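Single-structure report; data block below.
The model shown is predicted, which means the values in this text are computed figures rather than measured ones.
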Amino acid sequence: MSEENQEQTAGAAPSRRKVIGWGGAGLALGAAAAGGAVALAGDGEGTAPVADTGAAVPFHGPHQAGIATAVQDRLHFAAFDVKTKDRAELVQLLKDWTRAAERMTAGAEVGEGAYGGLPEAPPDDTGEALGLKPSRLTLTIGFGPTLFDGRFGLKDKRPGALVELPKFPGDNLDPARSGGDLCVQACADDPQVAVHAIRNLARIGFGKVAVRWSQLGFGKTSSTTPDAQTPRNLFGFKDGTRNIAGTETERLAKHVWVSGKDAAGAAAWMDGGSYLVARRIRMNVETWDRTPLGEQEDIFGRDKREGAPVGKAKEHDEPFLKAMKPDSHVRLAHPDTNGGATILRRGYSFTDGTDGLGRLDAGLFFLAYQKDVRTGFIPVQTSLGRADALNEYIQHVGSALFAVPPGVRDKDDWWGRALFS
């Protein structure tokens, strides 16, 4: 958890089956013809207003959608282990996944669809999203450090920024909920659309990849849209007040997107990409719920109602860090405490039943994008892990790092093409 954020809304769009397309331009034209006032961000970078939660986000662009894109309401995140040892087979899978992602994000069925084919063969699409709108579905792929272990001839292409994350103070990581060769982040305003997307990619990959772990998320805890209400986390506090907005192109270039000069030599394939840290953070909500309000506010360094920093009146007032307690969360997470370290957050809340002791298995699924984790997440989490008063109420139980390649430029491009070229 850290100190950054803001968000956006959306409205009513054409039906899933009637308005389809491989890219986004045809879909946008169809929406206009259908009378839907839909404005789309076509380069994976902006957060243009969307008239309807059913609208589609274009798949093609210089950056992958799902990073600076307006944060959707629901998440299904999956990490995969690659089972095939054949490089050509992995490349073909990435091509097949790209074509399927193009269709699903545009509101179309995978392949030949969910029905109408040969009765003797399973359909290409599982069918649970039939009749549903695209729901601003975005699919974002990443490559983990273990993909560069030599199996596929990629060892020399591992970027320097794709490091092994250190063990931070207080970590209690479950290996079964950590790591992965590949990841896919599916975000949408309809949970069934997000789940359908991951399910169909896993189905296409059967025999070549296997799901290592996955996480469902709800109630976004961060936003990339200016001038919208800041979301609250499960502790009831506004979360991510100072997040990078999708419209802040200079901050995105400085802190999120990898440029050619950042990705020299063998790592040039990352030009236009980013690095993703995923952390499953268990929140001890029962203990927190018995903590006095004043203590809660001291721990965060903000008041609970408005979200204003200590000594200030409004949420977006510039915080005076020295007025906060030395171990307050906001103070320790702030860029001024961490040499300017700044990340873009896309976290979600989760509840996964109980832990067998009558306590909710609930918390924050933290997602952070940055240009380099060595100057982004690592210094921030090191500061928080050492002294954050919030550590009494949370524990990091899952962790992964992925190199997120640039966007798919057109219908002839595919996820990871530059890496495997």
Side-chain angles (χ1 to χ4, degrees), residues 2-8 24 39-49 57-71 138 140-143 159-163 185 187 222-228 240-278 316 318 333-347 366-380 401-410 413 415-419:
S2 92
E3 161 73 350
E4 318 239 346
N5 183 19
Q6 292 191 15
E7 185 344 70
Q8 148 170 4
L40 301 174
D43 59 2
E45 181 173 335
T47 54
V57 175
F59 181 76
H60 299 124
H63 311 295
Q64 290 196 63
I67 302 174
T69 309
V71 183
T138 56
T140 312
I141 197 170
F143 303 133
L162 192 61
V163 297
Q185 170 195 281
C187 298
S222 301
S223 169
T224 55
T225 309
D227 305 322
T241 295
R242 300 173 61 87
N243 202 29
I244 300 173
T247 52
E248 294 182 297
T249 53
E250 291 186 7
R251 290 185 78 200
L252 288 167
K254 182 178 181 180
H255 299 294
V256 178
W257 305 131
V258 177
S259 65
K261 66 178 182 178
D262 304 313
W269 62 273
M270 275 296 291
D271 186 5
S274 191
Y275 290 92
L276 168 63
V277 173
H316 297 287
E318 189 64 27
H334 196 277
D336 289 353
T337 306
N338 299 287
T342 303
I343 55 180
L344 184 154
R345 299 182 53 210
R346 287 186 67 94
F366 175 90
L367 297 168
Y369 288 89
Q370 61 252 274
K371 179 177 289 192
D372 192 325
V373 295
R374 295 169 296 186
T375 56
F377 175 77
I378 290 177
V380 174
L401 171 63
F402 300 95
V404 177
V408 175
R409 299 282 181 158
D410 53 44
D413 199 3
W415 274 335
R417 179 186 55 78
L419 171 60

(message) Can you give me the closest heavy-atom contact between Ala341 and Gly376, atom names plus distance?
(response) CB-O, 3.8 Å
(request) Answer yes or no: is there a side-chain heavy-atom contact under 4.5 Å between Trp415 and Gln64? (result) yes
(request) Please confirm whether the backbone N or O of Arg409 pairs with a side-chain atom of His60, one donor and one acceptor, at under 3.5 Å? (result) no
(message) Given 3.5 Å as the limit, does a donor-acceptor pair link the side chain of Asp410 with the main chain of Asp413, or not?
(response) yes
(message) Give me the atom names and distance for the closest heavy-atom approach of Gly416 to Pro405.
(response) N-CG, 4.5 Å
(request) Evaluate the criterion salt bridge (Lys or Arg N to Asp or Glu O under 4.0 Å) for residue pair Lys254 and Glu248; output intermediate values, then yes/no. (result) CA-CA 10 Å; Lys254 182 178 181 180; Glu248 294 182 297; over 6 Å; no
(message) Distance check, rounded to the nearest 0.5 Å: His63 atom NE2 versus Leu252 atom CG?
(response) 7.5 Å
(request) For Thr140 and Ala65, indicate whether the former's side chain and the latter's backbone hold a donor-acceptor pair under 3.5 Å. (result) yes
(request) For Ser274 and Gln370, indicate whether the former's side chain and the latter's backbone hold a donor-acceptor pair under 3.5 Å. (result) yes
(message) For the backbone of Arg374 and the side chain of Asp372, can you confirm whether one donor and one acceptor N or O come within less than 3.5 Å of each other?
(response) yes
(request) Determine, stepwise, if the pair His255 / Ile244 fulfils side-chain contact (heavy atoms from CB on, under 4.5 Å). (result) CA-CA 9 Å; His255 299 294; Ile244 300 173; 3.9 Å; yes
(request) Please examine the side chains of Ile378 and Val163, heavy atoms only from C-beta on, and report whether any two atoms are closer than 4.5 Å. (result) yes
(message) As an exercise, state the distance from CH2 of Trp269 to CZ of Arg417, rounded to the nearest 0.5 Å.
(response) 13.0 Å
(request) Taking all heavy atoms of Ala68 and all of Trp257, pick out the closest pair and write down the distance. (result) CB-CZ2, 4.0 Å
(request) Identify the heavy atoms of Leu367 and Ala278 that sit nearest to each other, and give their distance. (result) CD2-CB, 3.7 Å
(message) Which residues pass the ring pair (Phe, Tyr, Trp, His ring centres under 6.0 Å) test with Tyr275, not counting sequence neighbours?
(response) none
(request) Look at the side chain of Thr224 and the backbone N and O of Thr69, then say whether any donor-acceptor pair between them is shorter than 3.5 Å. (result) yes
(message) Is there a side-chain contact between Val256 and Ile67 in this structure, where contact means two heavy atoms from C-beta onward sitting under 4.5 Å apart?
(response) yes
(request) Run the numbers on Val277 and Val373 for side-chain contact (heavy atoms from CB on, under 4.5 Å), then give the verdict. (result) CA-CA 8 Å; Val277 173; Val373 295; 3.7 Å; yes
(request) Please check if any side-chain donor atom of Ser259 sits under 3.5 Å from a side-chain acceptor atom of Asp262, or the reverse. (result) yes
(request) Output all residues satisfying side chain to side chain contact (heavy atoms under 4.5 Å, CB included) with Asp271, sequence neighbours left out; order by chain, then residue number. (result) none
(request) Quick one: closest heavy-atom pair of His316 and Thr241, and the distance? (result) ND1-CG2, 3.4 Å
(request) On the 0 to 90° scale, with breaks at 30° and 60°, tag the Phe366-Phe377 ring pair as parallel, tilted or perpendicular. (result) tilted
(request) List the steps and the verdict of side-chain contact (heavy atoms from CB on, under 4.5 Å) for Tyr369 and Ile343. (result) CA-CA 6 Å; Tyr369 288 89; Ile343 55 180; over 6 Å; no
(request) Verify, without hydrogens or angle tests, whether Arg346 (side chain) and Gly66 (backbone) share a donor-acceptor contact under 3.5 angstrom. (result) yes
(message) Rounded at 0.5 Å granularity, tell me how far CE in Met270 sits from NZ in Lys371.
(response) 11.0 Å
(message) Between Gln185 (side chain only) and Ile141 (backbone N and O only), is there a donor and an acceptor less than 3.5 Å apart?
(response) no
